[in-house]
**Student:** 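Starting off with a structure, shown below.
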Amino acid sequence: MEISILGAGAMGSLFGGLLAEAGHDVTLVDIDDAHLDAIHRDGLRLVTDAGERVVKNLRACRPEQAAHAPELLIVFTKTMHTEAALAVARALLGAQTAVLSLQNGLGNVERLERSVPRARIMVGMTTWPADKPGPGRVDSHGAGAIRLMSADGDVGAASASLARTVNALNAAGLHCTADPDVWSAIWEKVAFNAALNSLCAVTQCTVGELSNLPDGETLALKIVAEVAAVARAHGVAVNEAHIRETVLHALAHHRTHRPSMLQDVLAGRKTEIEAINGAVVAAARTVPMAVPCTETLLHLVRLVEVRSPQ
Ligand code: NAD
């Protein structure tokens with residue numbers, strides 16, 4: 001399959017590298033010149049549980065250099081960069097190009113829909129983790145999976161591309177299933193991230209440090225309960241007990257982990273707070289219902305972001 005990845009940071013490079021290894025025709029598209037230069041010079045260094053290797057059978061370019069529309073475009077920028085990236089990389093959007101977002105947060109379909117008809121959009125959730133320790137290299141350890149569906153409900157023209165996409169991702173070892181209940185998975189991850197990402201970003205605590213006092217756990221579980229209630233009010237069946245278990249497991253076992261929002265704050269970058277807590281607050285207002293903890297964390301992260309230049 002001819003596949004382009006728009007936003008080839010940690011996740012985009014992991015997916016691009018694994019898809020290229022599986023024999024797909026992959027182009028990474030990004031604005032990080034140091035990363036692109038390293039890939040042009042040495043190839044993409046992939047470090048996973050399967051070992052360390054260099055993937056050389058892929059292309060890498062900047063969005064303005066992308067000249068060819070692929071069969072599948074995977075968007076893996078951070079959520080707040082989706083629209084700017086697509087505006088420059090318009091040549092990637094052909095009349096038949098299917099577009100997939102596995103980005104975190106809510107609103108990804110709506111952001112893509114400003115450039116692509118809904119019938120050609122696929123949306124999902126992935127539990128694969130990835131880090132980019134430096135230019136040209138991506139690390140991913142532990143198992144993950146992908147659940148996805150067509151944004152229009154898995155019917156119509158998109159279902160053929162859905163099946164081809166699921167097959168391509170499975171051939172790359174990414175454990176993908178088509179799942180009409182994907183919105184439950186998306187909201188459950190939003191609840192987890194709304195709690196732990198925002199609390200760690202504001203306190204600058206690791207996940208473990210957050211659990212050193214009962215306040216961390218209490219606040220995290222309050223946010224989980226608020227987000228789960230908003231999801232249910234919007235007709236999405238989330239398993240709140242499962243989200244609570246996942247949060248408690250992270251607090252107990254992922255002690256040194258710095259969630260991406262904390263990493264962004266420490267690096268002076270904008271965070272994905274608007275697509276996570278911000279989108280939950282917006283969804284709560286339409287019910288209407290109050291989400292005081294989620295909303296307070298939204299305001300606090302915005303205040304912390306005032307010091308972030310990018
Ligand atoms: P990242 O910051 O490592 O990668 C994003 C990439 O987008 C960067 O390389 C950046 O240069 C690029 N970019 C920014 N603006 C661009 C533009 N205008 N045109 C082209 N490229 C542009 O982020 P990530 O960790 O790979 O996360 C990507 C998405 O996946 C996020 O929504 C995140 O929440 C989600 N996610 C991440 C993980 C993880 O473990 N890292 C896991 C699941 C989901």
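Counting convention: from 1, in listed order, for ligands and their atoms alike.
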**Student:** What protein heavy atom is closest to atom 31 (C) of ligand 1, reported as residue, atom name and distance in Å?
**Tutor:** Glu272 OE2, 3.3 Å
**Student:** Could you find the nearest protein heavy atom to atom 4 (O) of ligand 1 and give me its residue, atom name and distance?
**Tutor:** Gly9 CA, 3.3 Å
**Student:** Are more than 12 heavy atoms from other residues, nucleotides or ligands located less than 6.0 Å from atom CZ of Arg269?
**Tutor:** yes
**Student:** Counting from 1, what ligand 1 atoms have a heavy atom of Pro63 closer than 4.0 Å?
**Tutor:**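 This gives 19 (N), 20 (C) as the contact atoms.
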**Student:** Quick one: nearest non-hydrogen protein atom to atom 16 (C) of ligand 1, plus distance?
**Tutor:**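 Looking at atom 16 (C) of ligand 1, the protein heavy atom closest to it is Ile31 CD1, 3.6 Å.
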**Student:** Going by heavy-atom distance to atom 18 (N) of ligand 1, choose the closest among Ala85, Ala34, Ala89.
**Tutor:**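 Among Ala85, Ala34, Ala89, the closest heavy atom to atom 18 (N) of ligand 1 comes from Ala85.
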**Student:** Should Glu113 and Arg118 count as an ion pair when the cut-off is N to O under 4.0 Å?
**Tutor:** yes
**Student:** Where is the nearest protein heavy atom to atom 44 (C) of ligand 1: which residue, which atom, and how far?
**Tutor:** Asn104 ND2, 3.5 Å
**Student:** Would you say Val280 and Ile276 make side-chain contact, with heavy atoms under 4.5 Å?
**Tutor:**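 They are not in side-chain contact.
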**Student:** Just jot down the ligand 1 atoms closer than 4.0 angstrom to any heavy atom of Trp128, in number order.
**Tutor:** 42 (C), 43 (C)
**Student:** Among protein heavy atoms, which sits nearest to atom 41 (N) of ligand 1, and what does the distance come to when rounded to 0.1 Å?
**Tutor:** Ala130 O, 3.1 Å
**Student:** Find out if a path of hydrophobic residues (ILVMFWY) with successive side-chain heavy-atom gaps under 4.5 Å connects Val207 to Leu262.
**Tutor:** no
**Student:** Please state which protein non-hydrogen atom is closest to atom 23 (O) of ligand 1 and give its distance, to 0.1 Å?
**Tutor:**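 Going atom by atom, the protein heavy atom closest to atom 23 (O) of ligand 1 ends up being Lys78 CE, 3.4 Å.
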**Student:** Should Glu274 and Lys78 count as an ion pair when the cut-off is N to O under 4.0 Å?
**Tutor:** no
**Student:** At a 4.0 Å cut-off, with the gap strictly under it, does some heavy atom of Lys189 reach an atom of ligand 1?
**Tutor:** yes
**Student:** Tell me, do Val29 and Arg62 make a side-chain contact under 4.5 Å, heavy atoms counted?
**Tutor:**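 Counting from C-beta outward, Val29 and Arg62 never come under 4.5 Å.
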**Student:** For Ala91 and Ala66, which heavy atoms make the closest approach, and how far apart are they?
**Tutor:**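 Heavy-atom minimum between the residues: CB-O, 3.1 Å.
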**Student:** Tell me if the aromatic rings of Trp128 and His175 count as close, with their centers under 6.0 Å from one another.
**Tutor:**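 Ring centroids of Trp128 and His175 are less than 6.0 Å from each other.
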**Student:** Could you identify the single nearest non-hydrogen protein atom to atom 5 (C) of ligand 1 and state the distance to 0.1 Å?
**Tutor:**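 Closest protein heavy atom to atom 5 (C) of ligand 1: Phe76 O, 3.6 Å.
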**Student:** Going by the order shown, which atoms of ligand 1 are within less than 4.0 Å of some heavy atom of Gln103?
**Tutor:**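 Ligand 1 atoms under the 4.0 Å threshold to Gln103: 32 (O).
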**Student:** Considering Thr271, Leu86, Asp30, which one's heavy-atom position lies nearest to atom 11 (O) of ligand 1?
**Tutor:**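 Checking each option, the heavy atom nearest atom 11 (O) of ligand 1 is found in Asp30.
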**Student:** Starting from atom 37 (C) of ligand 1, what is the nearest protein heavy atom, named by residue and atom, and what distance separates them?
**Tutor:** Met11 CG, 3.4 Å
**Student:** Hey, can you tell me if His253 and His249 have their rings parallel, tilted or perpendicular (30° and 60° cut-offs)?
**Tutor:** tilted
**Student:** Out of Pro135, Ala10, Pro129, whose heavy atom is nearest to atom 3 (O) of ligand 1?
**Tutor:** Ala10
**Student:** If we only consider heavy atoms of Ser260, is any one of them less than 4.0 Å away from an atom in ligand 1?
**Tutor:** no
**Student:** Hydrophobic clustering (ILVMFWY, side-chain heavy atoms < 4.5 Å, transitive) - are Leu266 and Met80 grouped together?
**Tutor:** no
